[in-house]
Amino acid sequence: MKLFHLAVLALLGLSGVATAADDKECEVCIKVIDELKASYSTLLAEKGGKNKLAVAEKALEKLVSKKKADAKDKKLYYFLEPMKKDAARQVTFGKETIKICQSLSKKNPEFCSIRYPLKAAKGTDYSKMRVKELKKILQERGESCNGCVEKSDFIKRLQDTERDEL
């Protein structure tokens, strides 16, 4: 019986790890939904709490019409356009931001795949990054790594290009 309990606890522990495996998951979505919630709260206070859904839709329209928005935010706005009523409705319920993002990503899988570009500052510890991230940084710098096979090859190339930028 004790073995059964340990197995159940181990499975529960692993499921928690699986959900937190990618700390940048839904990062753009979370930022945009948090902005939407803040705008909604402000507009709701001004309107006196009447017709919450209309206020949430107006807050979403105001957010989407922002002229100064990041390219990734604008891409999310594009994906959000056909789902704006659903997103506004979920904000009026007071649902958690991550739960809203997850429910919207069920309707459009690309919704939570949008990420901000990686920024590597001088002195970044590349050894803790994934090879995919290292390749992305090299690409942003306009560099290639022909003949790179192992992670250490990519790290060396990144460190070389970092010195060139000084």
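FYI, the numbering just counts along the sequence from 1.
For the atom pair CD1 of I155 and CG of D125, the computed distance is 8.0 Å after rounding to the nearest 0.5 Å. Atom CD1 of I114 and atom CZ of F111 lie 7.0 Å apart (nearest 0.5 Å). Separation of atoms CZ (R141) and OG1 (T161) is listed at 4.0 Å; rounding is to 0.5 Å. Separation of atoms OH (Y40) and NZ (K52) is listed at 5.0 Å; rounding is to 0.5 Å.
For N146, there are no side-chain hydrogen bond (donor to acceptor under 3.5 Å, both in side chains) partners at least two apart in sequence or on another chain. For C148, the side-chain contact (heavy atoms from CB on, under 4.5 Å) test picks out C145, D153, F154, with sequence neighbours left out. Residues meeting the side-chain contact (heavy atoms from CB on, under 4.5 Å) test with E110, sequence neighbours left out: F79, N108, S113.
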Check the pair M129 / I137 against side chain to side chain contact (heavy atoms under 4.5 Å, CB included), numbers first and verdict last.
CA-CA 11 Å; M129 299 174 104; I137 294 170; 3.5 Å; yes
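In the hydrophobic cluster analysis, where Ile, Leu, Val, Met, Phe, Trp and Tyr join through side-chain heavy atoms closer than 4.5 angstrom, L43 is grouped together with L80. Cluster annotation: L53 is not connected to L44 through the hydrophobic network of ILVMFWY side chains, with a link wherever side-chain heavy atoms come within less than 4.5 Å. Placement of I100 and I30 in two distinct hydrophobic clusters is found when ILVMFWY residues are connected by side-chain heavy-atom separations under 4.5 Å, directly or transitively.
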Distance-only donor-acceptor hits, side chain of residues 90-98, under 3.5 Å, sequence neighbours excluded:
{"unit_1": "Q90", "atom_1": "OE1", "unit_2": "K95", "atom_2": "NZ", "d": "3.2"}
{"unit_1": "Q90", "atom_1": "OE1", "unit_2": "S103", "atom_2": "OG", "d": "2.8"}
{"unit_1": "Q90", "atom_1": "NE2", "unit_2": "D86", "atom_2": "OD1", "d": "3.3"}
{"unit_1": "Q90", "atom_1": "NE2", "unit_2": "D86", "atom_2": "OD2", "d": "3.1"}
{"unit_1": "Q90", "atom_1": "NE2", "unit_2": "S103", "atom_2": "OG", "d": "3.1"}
{"unit_1": "T92", "atom_1": "OG1", "unit_2": "R89", "atom_2": "O", "d": "2.5"}
{"unit_1": "T97", "atom_1": "OG1", "unit_2": "D34", "atom_2": "OD1", "d": "2.7"}
{"unit_1": "T97", "atom_1": "OG1", "unit_2": "K37", "atom_2": "NZ", "d": "3.1"}

Donor-acceptor pairs under 3.5 angstrom involving side-chain atoms of residues 69-78: please list them, not counting sequence neighbours.
{"unit_1": "D70", "atom_1": "OD2", "unit_2": "K72", "atom_2": "N", "d": "3.2"}
{"unit_1": "D73", "atom_1": "OD1", "unit_2": "Y116", "atom_2": "OH", "d": "2.7"}
{"unit_1": "D73", "atom_1": "OD2", "unit_2": "K31", "atom_2": "NZ", "d": "2.7"}

Only distances under 3.5 Å count here; give the side-chain donor-acceptor pairs of residues 55-66 to other protein atoms, sequence neighbours excluded, each with its distance to 0.1 Å.
{"unit_1": "E57", "atom_1": "OE2", "unit_2": "K85", "atom_2": "NZ", "d": "3.4"}
{"unit_1": "E61", "atom_1": "OE2", "unit_2": "K84", "atom_2": "NZ", "d": "3.0"}
{"unit_1": "S65", "atom_1": "OG", "unit_2": "E61", "atom_2": "O", "d": "3.1"}
{"unit_1": "S65", "atom_1": "OG", "unit_2": "K62", "atom_2": "O", "d": "3.1"}
{"unit_1": "K66", "atom_1": "NZ", "unit_2": "E35", "atom_2": "OE1", "d": "3.3"}

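Contact detail for L104 and A87: the closest heavy-atom pair is CD1-CB, 4.1 Å.
Applying the disulfide (SG to SG under 2.5 Å) test to residues at least two apart or on different chains, the pairs with a partner in residues 77-106 are C29-C101.
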